Amino acid sequence: MKIASWNVNSLNVRLPHLEQWLRDAAPDVVGIQETKLEDNKFPDAVLAGLGYRSVFAGQKTYNGVAILAREHAIDEVCIGIPGFDDAQRRVIAATVNGMRVVNLYVVNGQDVGTEKYEYKLRWLDAVHSWLSEELQKHPRMVVLGDFNIAPDDRDVHDPAVWNDGHILTSAAERQALQRLAGLGLHDAYRLHHGDAGQFSWWDYRQAAFRRNMGLRIDLTLVSDALRGTAAAAGIDREPRTWERPSDHAPVWVRLAGQAL
DNA sequence: ATGGTGGTGATACCA
């Protein structure tokens, strides 16, 4: 069972890319971030034509998340972090094939020390509390999404720039990610790859993709109960080479023994 | 230190 995550940076613009990639990569479950679409504009009929059911929580202009699945029903849909009042559509969770899928569009945070940065840390704290409880109910869990945090120095093109003072790599952000790992949520990519320089996001500016000046900030985390089934993980760079691409590439994990 | 590009929507804001 292949489970993927992709920040599409406007599903309105990127729908043709999503359609092409669904055909190419044939994921079973997908978490999408930054749809930037209100729910009445979500292209669920187009996706149904490709064999995917979808659930979604969107808003105009900013944020917006969705979960797609083929072959299986999408049940127990939860929008937002329970008990955390937030108008921003950043979280959707659902049960697919006996597995809890949590799709996160983590707050960017703008710059270290700003109000948005404080919001990011508060938001991550709320996610930690919520997932701690959620894991009791659903031990078989995948938490995926755009985390807007590069786990360690292997995950940035230039650690001298992307350091403790920088957004996406500051110590407090990395500690927040470590606290999620402490719940028994394992970065599937790192279960299989120890290499540096493999990224999932490249800024549109400065020809960053051509120069591979990127960060690995899109992650699939698997719970203790699923860890042994995580047979492979990877990053699909190809859609980032297409015309008018998202600034993010899709990332994925394949779970063995997950009967379709 | 600044600004570079892109999405939204019509202007700044967000990333």
Side-chain angles (χ1 to χ4, degrees), chain A residues 5-21 31-43 46 56-66 80 86-92 103-124 127 144-151 155-170 172-174 176-177 199-219 235-251:
Chain A
S5 171
W6 194 7
N7 180 325
V8 295
N9 186 21
S10 170
L11 186 51
N12 189 39
V13 172
R14 232 66 70 189
L15 182 57
H17 282 198
L18 179 63
E19 292 179 74
Q20 184 63 50
W21 174 75
I32 295 173
Q33 306 86 37
E34 282 207 270
T35 61
K36 303 186 179 181
L37 287 178
E38 290 180 302
D39 290 346
N40 61 7
K41 303 256 179 73
F42 194 88
V46 174
F56 38 88
Q59 63 187 97
K60 202 191 291 188
T61 309
Y62 303 117
N63 309 308
V65 286
D86 192 353
Q88 300 192 23
R89 297 303 206 194
R90 298 180 171 278
V91 177
I92 189 165
N103 179 22
L104 304 178
Y105 174 44
V106 174
V107 176
N108 175 282
Q110 191 178 42
D111 277 306
V112 173
T114 62
E115 268 186 41
K116 292 195 180 82
Y117 180 75
E118 297 304 319
Y119 165 54
K120 181 176 195 172
L121 297 179
R122 281 199 314 277
W123 191 94
L124 286 163
V127 166
L144 52 76
D146 175 359
F147 281 74
N148 269 318
I149 303 169
D155 303 310
V156 306
H157 67 92
D158 186 353
V161 172
W162 296 92
N163 59 23
D164 180 35
H166 209 292
I167 198 66
L168 313 187
T169 52
S170 72
E173 291 168 85
R174 284 174 161 172
L177 186 56
F199 308 129
S200 67
W201 170 81
W202 302 260
D203 199 293
Y204 286 122
R205 296 165 283 195
Q206 299 177 300
F209 181 67
R210 183 178 57 74
R211 302 155 72 188
N212 199 30
M213 294 169 56
L215 273 68
R216 193 174 67 89
I217 56 177
D218 300 271
L219 309 175
I235 304 170
D236 279 357
R237 287 174 57 101
E238 202 204 326
R240 189 63 176 79
T241 70
W242 294 346
E243 190 177 347
R244 204 180 180 191
S246 169
D247 45 350
H248 294 255
V251 302

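Numbered from 1 within each chain, the chains take letters A, B, ... in sequence-line order. Predicted model only: the values in this text are computed from it and were never measured.
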key: salt bridge (charged side-chain N to carboxylate O under 4.0 Å, His left out) partners for R240(A), two or more places apart   = none
query = Which value, in whole Å, describes the distance between the C1' atoms of nucleotides dG6(B) and dA10(B)?
reply = 16 Å
task = Please identify each residue that fulfils side-chain contact (heavy atoms from CB on, under 4.5 Å) with A207(A), with sequence neighbours left out.
result = R210(A), R211(A)
query = Which residues pass the salt bridge (charged side-chain N to carboxylate O under 4.0 Å, His left out) test with D155(A), sequence neighbours left out?
reply = R190(A), R216(A)
key: Rounded distance in Å between the P positions of dT8(B) and dG3(B)   = 25 Å
Residues that K60(A) engages under side-chain contact (heavy atoms from CB on, under 4.5 Å), provided they are two or more places apart = E38(A)
key: With F147(A) via ring-ring contact (aromatic ring centres under 6.0 Å, His included) - residues at least two apart   = none
request  = Look up atom CG in N9(A) and atom OH in Y204(A), then write down how far apart they are to the nearest 0.5 Å.
outcome  = 4.0 Å
task = Kindly write out the residues that satisfy salt bridge (charged side-chain N to carboxylate O under 4.0 Å, His left out) with D203(A), not counting sequence neighbours, or none if the list is empty.
result = R205(A)
message = By nearest heavy atom, map R205(A) and K116(A) onto DNA chain B; which one lands nearer the 5' end?
response = R205(A)
key: For DNA chain B, the residues among residues 10-18 of chain A that have a non-hydrogen atom under 4.0 Å from it   = S10(A), N12(A), V13(A), R14(A)
query = Checking all strands, does R210(A) fall into the base, sugar-phosphate, or nothing category for heavy-atom contacts under 4.0 angstrom?
reply = nothing
Test ring-ring contact (aromatic ring centres under 6.0 Å, His included) applied to Y62(A) - qualifying residues, sequence neighbours left out = none
key: Nucleotide interval of DNA chain B bounded by contacts with chain A (heavy-atom cut-off, under 4.0 Å)   = dG3(B) to dA15(B)
request  = Starting from the 5' end of DNA chain B, give me the residue, N7(A) or Q206(A), whose nearest nucleotide shows up first.
outcome  = Q206(A)
message = Work out how far the P atom of dG9(B) is from that of dG4(B), and round it to whole angstrom.
response = 23 Å
task = Just grab all the salt bridge (Lys or Arg N to Asp or Glu O under 4.0 Å) pairs involving residues 110-123 of chain A, residues at least two apart or on different chains.
result = K120(A)-E173(A)
ask   = For the residue pair H157(A) and L215(A), what are the closest heavy atoms and their distance?
value = CD2-CD1, 4.2 Å
task = Treat a base pair as Watson-Crick or G-U wobble with both distances under 3.5 Å, then lay out DNA chain B in dot-bracket form, 5' to 3', with | for cross-strand pairs.
result = ....((((...))))
message = Under the rule for ring-ring contact (aromatic ring centres under 6.0 Å, His included), what residues qualify as partners of Y117(A), not counting sequence neighbours?
response = none
ask   = Across the strands shown, which category fits F209(A) at heavy-atom distances under 4.0 angstrom: base, sugar-phosphate, nothing?
value = nothing
